[in-house]
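Working notes for the structure below.
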Amino acid sequence: MRIDVLTLFPALIDAFAETSIVGRACAADLVSIVPTDIRDFTYDNHRSVDDKPFGGGPGMVMSCGPVFEAFEHVVGWNPSDSAGDAGECKLDAGSELIMLTPQGETFDQSLAKELAQRQRLILLCGHYEGFDERIRDGLSPREISIGDYVLTGGELAAMVLMDAVIRMLPGVLGNEMSADDESFSSGLLEYPQYTRPREFRGHSVPEVLLSGDHAKILEWRRAKSLERTKKRRPDLLKD
Ligand code: ADE
């Protein structure tokens, strides 16, 4: 998979792409993360990427020009080749342009699973009060939010999305099973886990886990998953 990130802070994305499990996945060529600095597509001395909103109001708005040009650059599309704008630049079936914004559909595990099937993702990170609406009109991105709160920019949201997607790619997690066995994949929260020592400050590991009886362990884990989900996230049990 290739992930392009259109951003004002490419150093954040570089650090993410070099670290931990994602870093190993990049080093093993299971994924390639390519940040593109939107500021490289500006032509004034201040390298401005934003401007005051027409009609007044607080804050600044991300301008069309640098965002369109950064997008056209990463997809290798030349607007002068066609009478239309970049909206007519159709991405191939395996690619998707995603705008990170609090106004988007809410990201969850099933969306991560869906995006993990793509060959290429192009993530557009905004800053300031938002995007000029013509960016939405012209590029028709899929809009995704990571939750009902407002961040100072889309980069953290892009990293959350990338992390959840990349760990699902074949070969990224050591044990192929472990991405399937955890919270949300089954529609339930994960059961409690224990490791050595068997006894810690008077608290011991549940006997069943030491029994070697795999059917019993499975049954216990399923019951604990259900119990925990019922208590903490009853909304997950509705379906
Ligand atoms: N940009 C700012 N806040 C965001 C959020 N909650 N999700 C995605 N992108 C964002």
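Atoms within each ligand, like the ligands themselves, are counted from 1 in listed order.
Atom 6 (N) of ligand 1 has as its closest protein heavy atom Tyr149 O, 2.8 Å. Counting only heavy atoms of the protein, atom 7 (N) of ligand 1 lies nearest to Ile146 N, 3.0 Å. The protein heavy atom nearest to atom 9 (N) of ligand 1 is Thr101 N, 3.2 Å. For atom 10 (C) of ligand 1, the nearest non-hydrogen atom of the protein is Pro102 CD, 3.6 Å.
Between Asp148 and Pro102, every side-chain heavy-atom pair lies at or beyond the 4.5 Å cut-off. In this structure, the side chains of Phe184 and Leu236 come closer than 4.5 Å at one or more pairs of heavy atoms. In this structure the side chain of Arg228 never reaches within 4.5 angstrom of the side chain of Tyr191, judged on heavy atoms. Residues Val160 and Asp163 have side chains not in contact (no heavy-atom distance under 4.5 Å, counting atoms from C-beta outward). Within the 4.5 Å cutoff, no side-chain heavy atoms of Leu156 are placed close to those of Leu100.
At a heavy-atom cutoff of 4.0 Å, ligand 1 is contacted by the side chain of Ala157 but not by its backbone. If you look at Thr152 next to ligand 1, there are no close heavy atoms at all, none under 4.0 Å. With a 4.0 Å cut-off on non-hydrogen atoms, Asp148 does not touch ligand 1 at all.
Considering backbone and side-chain N/O of Ile144, none are found under 3.5 Å from N/O of ligand 1. Taking only nitrogen or oxygen atoms, main chain and side chain alike, Leu151 reaches within less than 3.5 Å of ligand 1.
Look at Gly153 and you'll find a heavy atom under 4.0 Å from some atom of ligand 1. Residue-ligand proximity: Leu156 is placed with every non-hydrogen atom at 4.0 Å or more from ligand 1.
Looking at Arg118, its side chain never comes within 3.5 Å of a backbone N or O of Ser95 through a donor-acceptor pair.
With ligand atoms numbered from 1 in the order given, ligand 1 contributes 8 (C), 9 (N) to contacts under 4.0 Å with heavy atoms of Leu100. Interface atoms of ligand 1 facing Gly147, defined by a heavy-atom separation under 4.0 Å, are 6 (N).
Closest non-hydrogen pair, Cys125 versus Ala158, comes out as SG-CB, 3.8 Å. Between Val172 and Ala25, the closest heavy-atom pair is CG2-CB, 3.9 Å. Listed here is the closest heavy atom pair of Phe131 and Leu124: CE2-CG, 3.9 Å.
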